[in-house]
J.: 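My questions all concern the structure below.
What you see is a predicted model, and the numbers here were worked out from it, not measured in a lab. One-based numbering along the sequence shown.
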Amino acid sequence: MTTILVTGGTGTLGRLVTERLRADGHAVRVLSRHSQPYAVDLREGGSGLGPALAGVDTVVHCATTQRGGDERSAANLIAAARRAGVAHLVYISIVGVDRVPLGYYRTKLAVEKLVAESGLGWTVLRSTQFHDLVVQVLQALAKLPVVVLPAHASDQPVEVAEVADRLAGLAQGAPAGRVPDVGGPEVRTFESLARAYLDATGRRRAVVNLPLAGKTYRAFRAGGHLAPEHAVGKGTFEEFLAGRFGGGEDGRRG
């Protein structure tokens with residue numbers, strides 16, 4: 001039986017990775033800021049990392065924040081993993097981190113480099129955006145009477161459970177370096193995703209496509225965050241919406 005530590009193990013992805021690894025018979029430790037007995041803020045490091053990593057064979061690094069500190073967190077985790085003799089570090093990243101000049105993406109790319117240069121056996125998987133994130137964005141946009149979208153831009157959302165399955169499988173294998181990306185089954189315009197969301201939740205909103213400016217918008221418009229050649233996901237956005245909101249009145253109220 002392998003002992004595996006999942007950072008961010010209470011999050012959207014980490015929770016599912018933890019469930020799958022435990023179902024496969026592994027001893028899994030969950031590390032997050034508030035999850036006992038391994039409550040550690042990776043940005044601060046500290047003495048709690050040692051006990052959390054003691055006897056661990058593999059680390060699956062899912063912890064992340066858009067508030068900053070991911071590079072510091074990764075550096076603290078890598079240093080502690082070296083001291084503990086961890087054999088395999090698995091990291092989840094995002095498709096397009098090397099093509100889209102978004103601050104968060106640049107941070108993810110920097111963490112990829114830290115992982116690759118860590119001296120540990122390593123695996124990096126890049127994924128397109130989760131269905132959950134697309135819905136969060138659309139929920140925020142739909143609070144206004146008009147849903148304003150970036151014109152001529154698309155996305156390729158993927159079911160988080162499918163990414164969790166892939167990540168758990170990689171964690172149970174040997175270090176593989178950068179592995180093929182995981183993308184959702186369809187490349188969709190933002191407008192089609194927004195209209196599907198509005199229909200599923202029963203919201204009536206006008207949808208306006210607005211051309212934007214800047215390097216980041218141009219990179220998204222060019223599809224730098226897409227992986228159509230790796231459209232291995234099966235679950236569609238409509239299937240996710242049906243499961244999330246259902247067809248009844250309660251689901252339509254969202």
Side-chain angles (χ1 to χ4, degrees), residues 1-35 38 42 52 56-66 70 73-74 77 81 86-97 104-105 108 111-112 115 121-137 155-186 225-227 230-245:
M1 180 175 63
T2 302
T3 300
I4 300 174
L5 175 73
V6 179
T7 73
T10 59
T12 301
L13 175 64
R15 175 178 52 81
L16 295 177
V17 172
T18 297
E19 290 175 0
R20 280 147 178 76
L21 290 171
R22 284 177 173 161
D24 288 338
H26 299 283
V28 182
R29 299 176 186 175
V30 172
L31 186 147
S32 72
R33 284 178 295 168
H34 306 293
S35 180
Y38 304 112
L42 282 174
V56 166
D57 304 287
T58 297
V59 173
V60 183
H61 187 28
C62 298
T64 187
T65 175
Q66 296 197 32
D70 275 11
S73 295
L77 177 65
V86 170
H88 189 188
L89 174 59
V90 182
Y91 180 58
I92 181 67
S93 189
I94 306 171
V95 169
V97 292
Y104 181 61
Y105 279 35
K108 299 289 282 189
V111 173
E112 284 188 13
V115 169
W122 61 278
T123 301
V124 169
L125 172 68
R126 291 179 182 176
S127 166
T128 56
Q129 305 295 336
F130 300 154
H131 289 138
D132 308 69
L133 178 60
V134 175
V135 165
Q136 287 177 25
V137 171
D155 206 355
Q156 189 182 353
V158 66
E159 174 55 49
V160 64
E162 295 178 328
V163 179
D165 286 341
R166 176 68 173 135
L167 207 58
L170 291 169
Q172 296 174 76
R178 169 84 187 280
V179 297
D181 299 340
V182 171
E186 303 172 310
H225 60 305
L226 306 177
H230 296 292
V232 296
K234 303 300 182 184
T236 67
F237 190 56
E238 278 76 10
E239 289 170 341
F240 174 81
L241 291 172
R244 174 74 175 271
F245 299 105

J.: Among E112, H225, H230, which residue meets the side chain to side chain donor-acceptor pair (under 3.5 Å) test with R126?
T.: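 Of all the options given, the one that passes is E112.
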J.: Can F237 and D155 be said to form a side chain to side chain contact (heavy atoms under 4.5 Å, CB included), step by step?
T.: CA-CA 11 Å; F237 190 56; D155 206 355; over 6 Å; no
J.: So does L241 get a backbone contact from the side chain of H131, meaning a donor-acceptor N/O pair under 3.5 Å?
T.: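 Between the backbone of L241 and the side chain of H131 there is no qualifying donor-acceptor contact (under 3.5 Å).
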J.: Hey, what do you get for CG (D165) to CD (E19), rounding to the nearest 0.5 Å?
T.: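 Taking CG in D165 and CD in E19, the distance rounds to 10.5 Å.
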J.: Tell me whether T7 contacts the main-chain N or O of C62 through its side chain, where contact means a donor paired with an acceptor under 3.5 Å.
T.: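 Between the backbone of C62 and the side chain of T7 there is a qualifying donor-acceptor contact (under 3.5 Å).
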J.: To the nearest 0.5 Å, how far apart are CG in L77 and CG in L5?
T.: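 Answer for the CG-CG pair, L77 versus L5, is 7.0 Å.
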J.: Please round to the nearest 0.5 Å and tell me the distance separating atom OG1 of T12 and atom CZ of F130.
T.: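 Going from the OG1 atom of T12 to the CZ atom of F130 covers 8.0 Å.
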J.: Taking all atoms of both residues into account, what is the closest heavy-atom pair of L21 and A168, and its distance?
T.: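 So the minimum-distance heavy-atom pair works out to CD2-O, 3.7 Å.
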J.: Hey, are the side chains of V90 and W122 touching, using non-hydrogen atoms and a 4.5 Å cut-off?
T.: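 The answer is no, as the side chains (C-beta and beyond) never meet within the 4.5 Å cut-off.
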J.: So, K108 side chain and V95 main chain: donor-acceptor pair closer than 3.5 Å or not?
T.: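 No.
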J.: I'd like to check S127 versus I92 (side-chain heavy atoms, cut-off strictly below 4.5 Å). Are they in contact?
T.: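 With C-beta onward as the side chain, the pair touches.
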J.: Quick check: closest heavy atoms across Y105 and Q129, and the distance to 0.1 Å?
T.: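 For Y105 versus Q129, the nearest heavy atoms are OH-NE2, 2.6 Å.
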J.: Check whether any side-chain heavy atom of F240 lies under 4.5 Å from a side-chain heavy atom of V134, and answer yes or no.
T.: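 They are not in side-chain contact.
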J.: Considering non-hydrogen atoms only, spot the tightest contact between P185 and A231 and give its length.
T.: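 Answer, listing the atom of P185 first, then A231: O-CB, 4.1 Å.
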J.: Do I94 and Y104 come close enough that some side-chain heavy atom pair is under 4.5 Å?
T.: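 I94 vs Y104: side chains touch.
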J.: How many angstroms lie between CD in E239 and CZ in R244, if you round to the nearest 0.5 Å?
T.: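 So the gap between those two atoms works out to 16.0 Å.
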J.: Donor-acceptor pair, Q156 side chain versus G184 backbone, under 3.5 Å?
T.: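 The answer is yes, because a donor-acceptor pair under 3.5 Å joins these two groups.
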J.: For the pair R166 and E162, find out whether any cationic side-chain nitrogen is under 4.0 Å from an anionic carboxylate oxygen.
T.: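 The answer is no: the pair does not qualify as a salt bridge.
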J.: From the options L42, V56, V59, select the one residue that forms a side chain to side chain contact (heavy atoms under 4.5 Å, CB included) with L31.
T.: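 Running side chain to side chain contact (heavy atoms under 4.5 Å, CB included) over L42, V56, V59 with L31 returns exactly one hit, L42.
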J.: Is T123 reaching over with its side chain to a backbone N or O of A176, donor-acceptor style, under 3.5 angstrom?
T.: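 Between the backbone of A176 and the side chain of T123 there is a qualifying donor-acceptor contact (under 3.5 Å).
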J.: Identify the heavy atoms of R29 and T3 that sit nearest to each other, and give their distance.
T.: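 The pair with the smallest heavy-atom distance is NE-CG2, 3.9 Å.
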J.: Taking all atoms of both residues into account, what is the closest heavy-atom pair of V30 and S35, and its distance?
T.: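 Shortest heavy-atom separation between V30 and S35 comes out as CG1-OG, 3.7 Å.
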J.: Tell me the closest heavy-atom pair linking T18 and G9, and the distance in Å.
T.: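 In terms of heavy atoms, the two residues are closest at OG1-O, 3.9 Å.
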J.: If you define the side chain from C-beta out and look only at heavy atoms, does anything of L226 sit under 4.5 Å from T128?
T.: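 No, too far: nothing below the 4.5 Å cut-off.
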J.: Would a distance-only check, ignoring hydrogens and angles, find a side-chain to backbone donor-acceptor pair under 3.5 Å from D57 to I4?
T.: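 Flag not set: sc D57 to bb I4 has no pair under 3.5 Å.
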